[in-house]
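Heads up, the thing below is written out as structure tokens.
Numbers for residues simply follow the sequence, beginning at 1. Values in this document were obtained by computation on a predicted structure and should not be read as measured data.
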Amino acid sequence: QVQLVESGGGLVQPGGSLRLSCVASGRTDRVYAMAWFRQAPGKEREIVAAVSWSGGSTTSADSVKGRFTISRDNDKNTVYLQMNSLKPEDTAVYYCAAKQTILLPQYESGYDYWGQGTQVTVSS
């Protein structure tokens with residue numbers, strides 16, 4: 001079992017930046033792919049970015065390419081999402097997810113563990 005706790009959300013103006021963090025606890029000795037998903041009001045949850053257990057492979061949604069960067073620090077059991085040039089359409093609850101695998105799942109069903117979410121609101 002792995003527990004995930006996100007932090008770093010908040011209110012930011014368009015064009016601003018935020019960095020989300022997700023700290024894992026529990027069976028962190030195993031190999032996990034990590035990902036960030038988001039869900040806006042009235043919409044389905046979608047993947048934002050994912051990173052392999054080693055950090056050597058990443059993927060991101062077309063809507064955030066060039067603006068968001070996912071990274072991880074396995075010594076700290078933490079995955080980050082650096083969000084720059086934020087837009088109002090980035091407003092959503094952002095969730096951290098984990099899957100025990102050497103692969104890089106890119107779908108919601110591919111992840112077993114979820115955090116409680118952190119709200120990101122982009123508004124002037």
Side-chain angles (χ1 to χ4, degrees):
Q1 289 283 350
V2 171
Q3 294 77 45
L4 304 172
V5 178
E6 304 99 332
S7 63
L11 173 64
V12 63
Q13 292 187 342
S17 298
L18 281 175
R19 188 175 82 155
L20 305 183
S21 299
C22 172
V23 179
S25 60
R27 294 303 304 267
T28 57
D29 57 312
R30 296 180 177 177
V31 168
Y32 293 95
M34 304 289 292
W36 288 96
F37 287 77
R38 68 184 181 186
Q39 187 168 23
K43 295 188 177 181
E44 294 186 353
R45 190 151 54 183
E46 63 176 358
I47 191 166
V48 177
V51 59
S52 64
W53 68 275
S54 68
S57 296
T58 63
T59 186
S60 58
D62 288 342
S63 59
V64 306
K65 274 187 170 66
R67 301 188 298 123
F68 292 11
T69 303
I70 190 170
S71 62
R72 66 190 297 165
D73 184 339
N74 287 342
D75 290 337
K76 296 181 179 179
N77 296 321
T78 302
V79 62
Y80 304 98
L81 185 68
Q82 178 66 45
M83 305 186 295
N84 299 327
S85 303
L86 282 160
K87 304 176 181 180
E89 51 264 42
D90 295 319
T91 295
V93 177
Y94 283 71
Y95 298 90
C96 177
K99 168 71 176 180
Q100 186 182 349
T101 178
I102 62 171
L103 302 177
L104 191 58
Q106 299 183 42
Y107 298 97
E108 182 177 354
S109 60
Y111 289 85
D112 298 321
Y113 304 103
W114 294 84
Q116 82 289 350
T118 185
Q119 176 70 47
V120 171
T121 302
V122 185
S123 175
S124 55

Spell out, as yes or no, whether a donor-acceptor pair under 3.5 Å connects the side chain of [X] to the backbone of [Y].
| X | Y | result |
| --- | --- | --- |
| T78 | K76 | yes |
| Y80 | D73 | no |
| N74 | W53 | yes |
| R45 | V93 | no |
| T58 | V51 | no |
| Q39 | A92 | no |

From [atom1] ([X]) to [atom2] ([Y]), nearest 0.5 Å:
| X | Y | atom1 | atom2 | value |
| --- | --- | --- | --- | --- |
| N77 | M34 | CG | CE | 9.0 Å |
| L11 | S124 | CG | OG | 9.5 Å |
| S52 | K99 | OG | NZ | 15.5 Å |
| L4 | S25 | CG | OG | 7.5 Å |
| R67 | T69 | CZ | OG1 | 11.0 Å |
| E46 | W36 | CD | CH2 | 14.5 Å |

With a 4.5 Å cut-off on side-chain heavy atoms, are [Y] and [X] touching?
| X | Y | value |
| --- | --- | --- |
| R27 | Y113 | no |
| S63 | R38 | yes |
| E44 | E108 | no |
| L86 | F68 | yes |

Query raised in the report: Around Q1, counting heavy atoms of other residues, nucleotides and ligands shown, do more than 12 lie under 6.0 Å from its CD?
Result: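 No, CD of Q1 has 12 or fewer neighbouring heavy atoms, counting only those of other groups under 6.0 Å.
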Residues which pass side chain to side chain donor-acceptor pair (under 3.5 Å) with [X], listed by chain and number, not counting sequence neighbours:
| X | result |
| --- | --- |
| T121 | Q119 |
| D62 | K65 |
| Q82 | N84 |

Report task. Let me see the working for L20 and M83 under side-chain contact (heavy atoms from CB on, under 4.5 Å), right down to the final yes or no. Result -> CA-CA 8 Å; L20 305 183; M83 305 186 295; 3.8 Å; yes
Requested in this report: Would you check, one step at a time, whether the test side-chain contact (heavy atoms from CB on, under 4.5 Å) holds for S17 with V12?
Outcome: CA-CA 7 Å; S17 298; V12 63; over 6 Å; no
Requested in this report: Write out all pairs satisfying disulfide bond (SG atoms under 2.5 Å apart) with one or both partners inside residues 34-65, taking only residues at least two apart or from two chains.
Outcome: none
**Report entry** Pairs satisfying disulfide bond (SG atoms under 2.5 Å apart), at least one member in residues 21-124, at least two apart
**Finding:**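 Output for this query lists C22-C96.
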Cluster question for you: counting only ILVMFWY and a side-chain heavy-atom cut-off of under 4.5 Å, with indirect links fine, are [X] and [Y] together?
| X | Y | value |
| --- | --- | --- |
| I47 | V64 | no |
| V2 | V31 | no |
| Y111 | Y32 | no |

Query raised in the report: Which residue pairs pass the ring-ring contact (aromatic ring centres under 6.0 Å, His included) test with at least one member in residues 88-110, sequence neighbours excluded?
Result: none
Query raised in the report: So which heavy atom on L81 is nearest to which on A49, and how close?
Result: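 Minimum heavy-atom contact is CD1-CB, 4.3 Å.
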Query raised in the report: Shortest non-hydrogen contact from A50 to P105?
Result: CB-O, 4.0 Å
